[in-house]
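Single-structure report; data block below.
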Amino acid sequence: MEEKGNRSQKVCWQEVCGQKVCKQKVCFIICSNDKLYTSECLYYIDHLTVPEGYRIDVLTVEDAASMAAGYNEAMGCSDAKYKVYLHQDTFLINPDFIQDFLHVFGQDERIGLIGVVGSPKLPENGVPWNGERCGALYEQCIYDTLTFFAGNEQQTEVEAVDGLLMITQYDIPWREDLFDKWDFYDCSQCQEFIRRGYKVVVPQMSAPWCVHDCGLMNLACYEEERQKFLKEYRW
């Protein structure tokens, strides 16, 4: 695991769920297997506006056994209250990204997790893109850049968000005991937050906060992970 970045000086601590965390610290967490993608992701993080008094850390995890395992490893190494889990091919183009998500969390302490694309109601088969979705995103496909959603006119409570970008203010273990590959770790984590009484939301966005350079999707293990999700959460 590699750690980069460290901005600002003031440190304030807070007890959250029995753990001591720095409440004015944001940690960006990336599972990486492509140095070029990761360097570009870091470039955008480095150009974000950092609110006064806040510190920024970045943890990259290489050779993770699964997405959930990599995220658990990094989560355990960070004392930041706010953690931003993002794909290496997600580029944060909103310079006020940190201020904007802090504003959302500040509205309601029951908001535990924020995403930029989400499902107000997951379909019975558990596949998010088979049902209604909300949010805002620029999606870079192989030959074109698309506006995946035009915008989110109001904050929406959802049952799941897309794992391209997930922001938390509480630490809940990722279910690496079940999801040992690269799919449904995101839907599962949302359900773990909801099980504990927290809200998962997609905020109001007049324009996308990020670009996702998604390329081709690898769905080789998708069905296996989907069945695990349906069984565990009784969808």
Side-chain angles (χ1 to χ4, degrees), residues 4-8 10 12 14 16 21-30 40-59 71 75 78 80-120 133-140 145-172 186 189-190 193 198-214:
K4 295 180 181 293
N6 199 352
R7 302 187 198 170
S8 191
K10 186 178 179 181
C12 296
Q14 179 182 27
V16 177
V21 296
C22 179
K23 66 179 183 178
Q24 289 180 284
K25 189 173 182 180
V26 179
C27 184
F28 293 84
I29 296 172
I30 308 161
E40 187 167 0
C41 182
L42 294 173
Y43 171 86
Y44 284 93
I45 292 172
D46 193 50
H47 285 77
L48 296 176
T49 300
V50 180
E52 185 177 355
Y54 278 80
R55 295 179 60 193
I56 300 300
D57 281 345
V58 178
L59 292 175
Y71 282 168
M75 184 179 73
S78 174
K81 175 177 173 62
Y82 303 103
K83 295 181 176 68
V84 181
Y85 301 89
L86 72 166
H87 290 182
Q88 62 186 0
D89 55 7
T90 296
F91 310 132
L92 297 168
I93 58 172
N94 171 16
D96 296 321
F97 169 76
I98 298 172
Q99 178 178 308
D100 287 347
F101 80 66
L102 288 174
H103 175 72
V104 175
F105 282 134
Q107 294 175 351
D108 187 345
E109 64 181 10
R110 294 173 299 169
I111 295 175
L113 193 155
I114 297 170
V116 293
V117 174
S119 302
R133 305 179 85 190
C134 62
L137 173 69
Y138 291 127
E139 188 171 66
Q140 175 65 49
T145 300
L146 307 173
T147 304
F148 198 59
F149 297 98
N152 215 37
E153 294 183 356
Q154 61 183 7
Q155 184 165 291
T156 306
E157 192 168 349
V158 297
E159 293 183 337
V161 301
D162 193 295
L164 69 98
L165 179 65
M166 303 174 73
I167 314 157
T168 67
Q169 68 166 333
Y170 305 111
D171 287 345
I172 292 176
D186 45 7
Q189 187 69 348
C190 292
F193 269 82
Y198 294 116
K199 297 179 181 180
V200 178
V201 305
V202 173
Q204 180 183 6
M205 290 175 285
S206 58
W209 287 1
C210 62
V211 174
H212 187 212
D213 189 0
C214 55

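Only heavy atoms go into these numbers, but all of them, side chains included; no hydrogens, no water, no symmetry mates. Here, residue 1 is the first one in the sequence, and each next residue gets the next number.
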Handout entry: Residues forming a side-chain hydrogen bond (donor to acceptor under 3.5 Å, both in side chains) with Q107, sequence neighbours excluded
Key = H103
Practice task
Grab the two heavy atoms, one from I30 and one from C41, that are nearest each other, plus how far apart they are.
Solution key: CD1-SG, 3.7 Å
Problem - Close side-chain approach of T168 to Y198, heavy-atom, < 4.5 Å - result: no
Handout entry: Nearest heavy-atom neighbours spanning K23 and Y54
Key = O-CE2, 3.8 Å
Practice task
Assess whether side-chain contact (heavy atoms from CB on, under 4.5 Å) is satisfied between E159 and V200, documenting all intermediate values.
Solution key: CA-CA 7 Å; E159 293 183 337; V200 178; over 6 Å; no
Problem - Pairwise distance CD(E157) to SG(C134) - rounded to 0.5 angstrom - result: 11.0 Å
Exercise for the section: Measure the shortest side-chain to side-chain distance between D57 and S78 over non-hydrogen atoms and say whether it is less than 4.5 angstrom. Expected result: no
Exercise for the section: Evaluate the criterion side-chain contact (heavy atoms from CB on, under 4.5 Å) for residue pair L164 and L137; output intermediate values, then yes/no. Expected result: CA-CA 10 Å; L164 69 98; L137 173 69; 3.8 Å; yes
Exercise for the section: With sequence neighbours excluded, tell me which residues meet side chain to side chain contact (heavy atoms under 4.5 Å, CB included) with I93. Expected result: Y44, Y138, V211
Handout entry: Listed partners of P95 passing side chain to side chain contact (heavy atoms under 4.5 Å, CB included), at least two apart
Key = T49
Practice task
Find out whether K83 and Y71 are in side-chain contact, i.e. whether some heavy atom of one side chain is under 4.5 Å from a heavy atom of the other.
Solution key: no
Problem - With sequence neighbours excluded, residues passing salt bridge (Lys or Arg N to Asp or Glu O under 4.0 Å) with D162 - result: R133
Exercise for the section: Any chance you could measure L86, atom CG, to I167, atom CD1, to the nearest 0.5 Å? Expected result: 9.0 Å
Handout entry: Inter-residue atom distance Y170.OH - K81.NZ, 0.5 Å rounding
Key = 5.0 Å
Problem - Smallest separation among heavy atoms of K25 and A80, with atom names - result: O-CB, 3.5 Å
Problem - Straight-line distance of Q155 CD to M205 CE, nearest 0.5 Å - result: 10.0 Å
Exercise for the section: Please test V26 against V50 for side-chain contact (heavy atoms from CB on, under 4.5 Å), starting from the C-alpha separation and ending with a verdict. Expected result: CA-CA 10 Å; V26 179; V50 180; over 6 Å; no
Problem - Over all atoms of both residues, closest heavy-atom pair of Q88 and F91 - result: O-CE2, 3.6 Å
Fill in the blank from the handout: Heavy-atom closest pair (C210 atom, L92 atom, distance to 0.1 Å) is CB-CD2, 4.0 Å
Practice task
Using ring pair (Phe, Tyr, Trp, His ring centres under 6.0 Å) as the criterion, list what pairs up with F28, not counting sequence neighbours.
Solution key: none
Problem - Aromatic ring pairing F97/F101, orientation class (parallel under 30°, perpendicular over 60°, tilted between) - result: perpendicular
Practice task
Would you give the length of the straight line joining atom NE2 of H87 to atom CG of D213, rounded to the nearest 0.5 angstrom?
Solution key: 12.5 Å
Handout entry: Full working for side-chain contact (heavy atoms from CB on, under 4.5 Å) between I98 and I56
Key = CA-CA 10 Å; I98 298 172; I56 300 300; 3.5 Å; yes
Fill in the blank from the handout: side-chain hydrogen bond (donor to acceptor under 3.5 Å, both in side chains) filter on D96, not counting sequence neighbours, yields none
Exercise for the section: Would you name the heavy atoms of Q189 and M166 that are closest together and state the gap between them? Expected result: CB-CE, 4.0 Å
For residues 109-119, tabulate all N or O donor-acceptor pairs below 3.5 Å that involve a side-chain atom, not counting sequence neighbours.
from	atom 1	to	atom 2	distance (Å)
R110	NE	D108	OD1	3.2
R110	NE	D108	OD2	3.4
R110	NH2	D108	OD2	3.1

Problem - Close side-chain approach of V161 and D186, heavy atoms under 4.5 Å - result: no
